[in-house]
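Just below is one structure, and these are the notes that go with it.
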Amino acid sequence: MSRIAVLAAIPLTMVLTATAAQAHYQEDKHGSDRGWVDASHWTIGVCDNEADGHGVRTEYQTSNGGSDHVGDWNGSGNACNSEVVYDFSSVTRFRVCEETEGCRPWKNA
């Protein structure tokens with residue numbers, strides 16, 4: 001490998017290492033209910049862990065300015081749901097909300 005190729009590869013390696021170090025699983029709770037972002041920051045999830053009749057959702061915002069949510073609306077306390085963010089951007093922040101109970105503060109992903 002030439003010196004130029006080696007020198008050109010160093011910045012790319014540094015960027016990939018920094019990105020991997022920053023990516024990590026994040027979770028937040030609203031009572032016993034929980035929401036999460038996986039380590040890739042491309043999958044968002046929610047678990048309703050309270051059989052109280054209140055649906056739960058995880059709201060999220062993405063690096064390209066988009067926003068959406070994933071929900072578990074049955075309120076039965078026995079289900080989880082997750083989805084992949086398909087707009088080729090990563091989740092930057094999220095919060096867990098419970099029907100009639102409000103939302104937790106935004107949490108950086």
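Checking side-chain atoms of H41 against main-chain N and O of H24 turns up a donor-acceptor pair under 3.5 Å. A donor-acceptor distance shorter than 3.5 angstrom exists from the side chain of D48 to the backbone of G75, with no hydrogens or angles considered. The backbone N or O of N49 sits less than 3.5 Å from a side-chain atom of D33, completing a donor-acceptor pair. A donor-acceptor pair is defined here as one N or O able to donate and one able to accept, closer than 3.5 Å; no such pair exists between the side chain of N81 and the backbone of V46.
Considering only heavy atoms from C-beta on, V56 comes within 4.5 Å of V96 through its side chain. Under the 4.5 Å side-chain criterion, counting only non-hydrogen atoms from C-beta, S67 is not in contact with Y60. Contact check for H30 versus C103: no side-chain heavy atoms found under the 4.5 Å cut-off.
Of the inter-residue distances, the one linking Q61 atom CD with D68 atom CG reads 11.0 Å to the nearest 0.5 angstrom. Within the model, atoms CG of D38 and OG of S90 stand 10.5 Å from one another, a figure rounded to the nearest 0.5 Å. With values rounded to the nearest 0.5 angstrom, D28 atom CG is found 11.5 Å from N108 atom CG. To the nearest 0.5 Å, atoms CD1 (I44) and CZ (R57) are separated by 12.5 Å.
Each of E50, E27, E98 was compared with R34 under the salt bridge (Lys or Arg N to Asp or Glu O under 4.0 Å) criterion, and only E27 meets it.
The minimum heavy-atom distance between H54 and E101, with the atom names listed, is CE1-OE2, 3.5 Å. Counting all heavy atoms, side chain and backbone alike, A109 lies closest to V91 at CB-O, 3.4 Å. Taking both residues in full, the closest heavy atoms of S89 and S63 are given as CB-OG, 3.2 Å, listed atom of the first, atom of the second, then distance.
Cluster membership for W36 and V70, using ILVMFWY side-chain heavy atoms within less than 4.5 angstrom, is not shared.
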